[in-house]
Amino acid sequence: MPLRSITSFMLATVLLSGVAIAQEVPKLAVDEALRAKLPENIRTAGSMISVNNGSFPPYEIVTGTEMTGASADLTDALGQVLGVKIEHATVGGLPALLAGINSGRYQFAFGPVGDFKSREEANDFVDWVQEFVVFAVQKGNPNGITSLDTACGQRIAVMAGGSAERVIQAQLEKCKTDGKKPVEIQSFTDQPSSILAVRSKRSDAFFSSQAPLTYFVSQAKGQLELAGVGQKNGFDNLYQGAVVPKGSPLGEVLRDGIKVLMANGTYAIIMKKWGLENNMIKEPGVNLGGTLPK
C-alpha cells in the first residue's frame, strides 16, 4: 500500500508539473445499440445532466459553470458513445446531490460517489473506481495524526454528509469511551474549503479520499503531506461510482457505456492522464459497495 501511494503521488506530481505528456483521448463513434437502450426522454432530448457537489479534484474541478477533470473527460467520452450531450450542474453538498437525482431534476451523478449498502436503498451505483481514505496534514505532521486513534483531540475537516464524516463521528465517541479528548469535527460542503482550512491551520487535518488529497498535496507548494496511508481508517474495500435513481434503466446503460470505454482503452488513457491509474478497476459493476462504517 505505501508503494501504491508513493506511486500515485509521483504520477500526480509529474502530471501537474507539466513534465508528462498524456496520451491523446480519442474521438469515439456512437454505439447505436447502447443509444437505443437509453430512456426515451433522454434520446428525444439528446442530452442529460450529470450533477456534482463542487470540486473533487482530480475527478471534478469546477470553475464557474465549467467542469474539467477525469470525470469531465470520461463523461465527454461516454456522451460520444451514447450519442448524447452530457451537461454538468453543481449543487451544495452530497444530500442536495442525491435529492436532485431522486426528484428527477438531474438524470445522474457521474461522481465518483462512495457506494455503500445503506445508500443503495434509495439509489443504484455504477462503480468505476476503487478508493482509499487518508488524512491531509500540515507538512511535517506536527500533531502526529497517523490513524483514527491519533485523531482524538484534533480538529478534523470532513465533507458534510459523506462517509468520512460518518467515520469521524464514530471515532469521536470512541475517543470519549477511551477517556481521550474527543475529535472536533469540522464539516464543509466542498473539498477546496476543507483543504484551505488545513493550509490556514484552522483544521489539523482533512480526512477524505486519497485521490483528491494527492492532488491537493501536489498543489500546496510543500505545505501539506498525506498521513494514515496504507491503513483501513474505518473502511473496508471502498468502491465509488455514478449514481442514478433506484431501479433506473440508465444504470445499466452507464455500466455498459463504461465497459466500452474500458475495452477501447479510453478509460485507461483518461485515468492515467489525471494520475489515477492506481484507482482503476478491471470492469464496472452495479452496487459493489459494502457496509457504511457505523
Side-chain angles (χ1 to χ4, degrees), residues 1-17 52-62 68-71 94 111-114 129-148 150-151 154-168 171 183 185-235 237-240 271 274-280 293:
M1 185 71 72
L3 178 59
R4 172 197 296 263
S5 305
I6 291 169
T7 303
S8 292
F9 178 78
M10 291 176 64
L11 280 168
T13 302
V14 170
L15 165 70
L16 294 164
S17 66
N52 62 77
N53 63 337
S55 287
F56 186 55
Y59 293 108
E60 298 171 323
I61 304 171
V62 179
T68 57
S71 295
L94 182 61
V113 177
V129 293
Q130 185 172 6
E131 189 51 283
F132 314 92
V133 181
V134 298
F135 298 91
V137 299
Q138 293 152 22
K139 188 67 175 179
N141 197 2
N143 289 29
I145 301 171
T146 57
S147 64
L148 285 176
T150 57
Q154 311 287 349
R155 300 167 298 171
I156 307 297
V158 291
M159 288 285 287
S163 56
E165 182 184 54
R166 182 85 167 263
V167 169
I168 289 296
Q171 183 61 33
V183 179
I185 301 172
Q186 300 174 331
S187 299
F188 295 89
T189 58
D190 60 70
Q191 294 265 339
S193 297
S194 304
I195 209 72
L196 179 61
V198 181
R199 293 183 69 170
S200 63
K201 301 184 179 180
R202 290 180 289 114
S203 300
D204 298 311
F206 178 26
F207 185 57
S208 190
S209 300
Q210 183 171 306
L213 290 190
T214 299
Y215 173 90
F216 282 121
V217 166
S218 72
Q219 296 289 289
K221 300 180 180 179
Q223 288 182 296
L224 304 176
E225 64 184 63
L226 297 182
V229 173
Q231 300 188 52
K232 290 291 188 180
N233 293 326
F235 292 86
N237 288 336
L238 177 58
Y239 291 96
Q240 296 180 334
M271 293 292 282
W274 292 96
L276 292 164
E277 67 176 16
N278 290 310
N279 297 90
M280 292 167 55

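Note that these values count all heavy atoms, side chains included, but never hydrogens, waters or copies made by symmetry.
Closest approach of Ala70 to Leu276, counting heavy atoms only: CB-CD1, 3.7 Å. The heavy-atom pair separating Ser194 from Met159 by the smallest distance is OG-SD, 4.2 Å. Smallest separation of non-hydrogen atoms from Ala157 and Phe188: CB-CE1, 3.7 Å.
Between the side chain of Gln154 and the main chain of Asp204, no donor-acceptor pair closer than 3.5 Å is present. Under the 3.5 Å distance criterion, the side-chain polar atoms of Gln191 are left unmatched by any main-chain donor or acceptor of Ser208. Panel note: side chain Ser203, backbone Arg155; no donor-acceptor pair is recorded below 3.5 Å.
Rounding to the nearest 0.5 Å gives a distance of 7.0 Å between CG of Asn143 and CG of Asn141. Within the model, atoms CD of Gln186 and CZ of Phe206 stand 11.5 Å from one another, a figure rounded to the nearest 0.5 Å.
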Between Gln231 and Phe132, is a side-chain contact (heavy atoms from CB on, under 4.5 Å) present by the stated rule, with each step listed? CA-CA 9 Å; Gln231 300 188 52; Phe132 314 92; over 6 Å; no

Stepwise, does the side-chain contact (heavy atoms from CB on, under 4.5 Å) test hold for Leu213 with Ile195? CA-CA 8 Å; Leu213 290 190; Ile195 209 72; 4.2 Å; yes

Decide yes or no on side-chain contact (heavy atoms from CB on, under 4.5 Å) for Asn278 and Gln210, but give the supporting numbers first. CA-CA 11 Å; Asn278 290 310; Gln210 183 171 306; over 6 Å; no

Between Ile185 and Val158, is a side-chain contact (heavy atoms from CB on, under 4.5 Å) present by the stated rule, with each step listed? CA-CA 7 Å; Ile185 301 172; Val158 291; 3.9 Å; yes

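Residues Val113 and Leu94 are in side-chain contact: their nearest non-hydrogen atoms beyond the backbone lie under 4.5 Å apart. Looking only at side-chain heavy atoms (C-beta outward), Leu196 and Ser193 stay at 4.5 Å or farther from each other. The closest side-chain heavy-atom distance from Ile156 to Ile145 is below 4.5 Å. Two residues are said to be in side-chain contact when any heavy atoms from C-beta on lie closer than 4.5 Å; Tyr59 and Asn279 meet this criterion. Taking the side chain as every heavy atom from C-beta outward, Pro112 and Glu131 never approach each other to under 4.5 Å. Between Phe56 and Ser71 the shortest side-chain heavy-atom distance does not fall below 4.5 Å. Residues Ile61 and Trp274 have side chains in contact (heavy-atom distance under 4.5 Å, counting atoms from C-beta outward). Residues Lys232 and Asn237 are in side-chain contact: their nearest non-hydrogen atoms beyond the backbone lie under 4.5 Å apart.
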If you look only at distance, which donor and acceptor atoms sit under 3.5 Å apart when one is on a side chain in residues 220-230 and the other is two or more places apart or in another chain?
unit_1 : atom_1 : unit_2 : atom_2 : d
Gln223 : OE1    : Arg199 : NE     : 2.7
Gln223 : OE1    : Arg199 : NH2    : 2.6
Glu225 : OE1    : Gly140 : N      : 2.7

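Between the side chains of Ser187 and Glu165, at least one donor-acceptor pair of N or O atoms lies under 3.5 Å.
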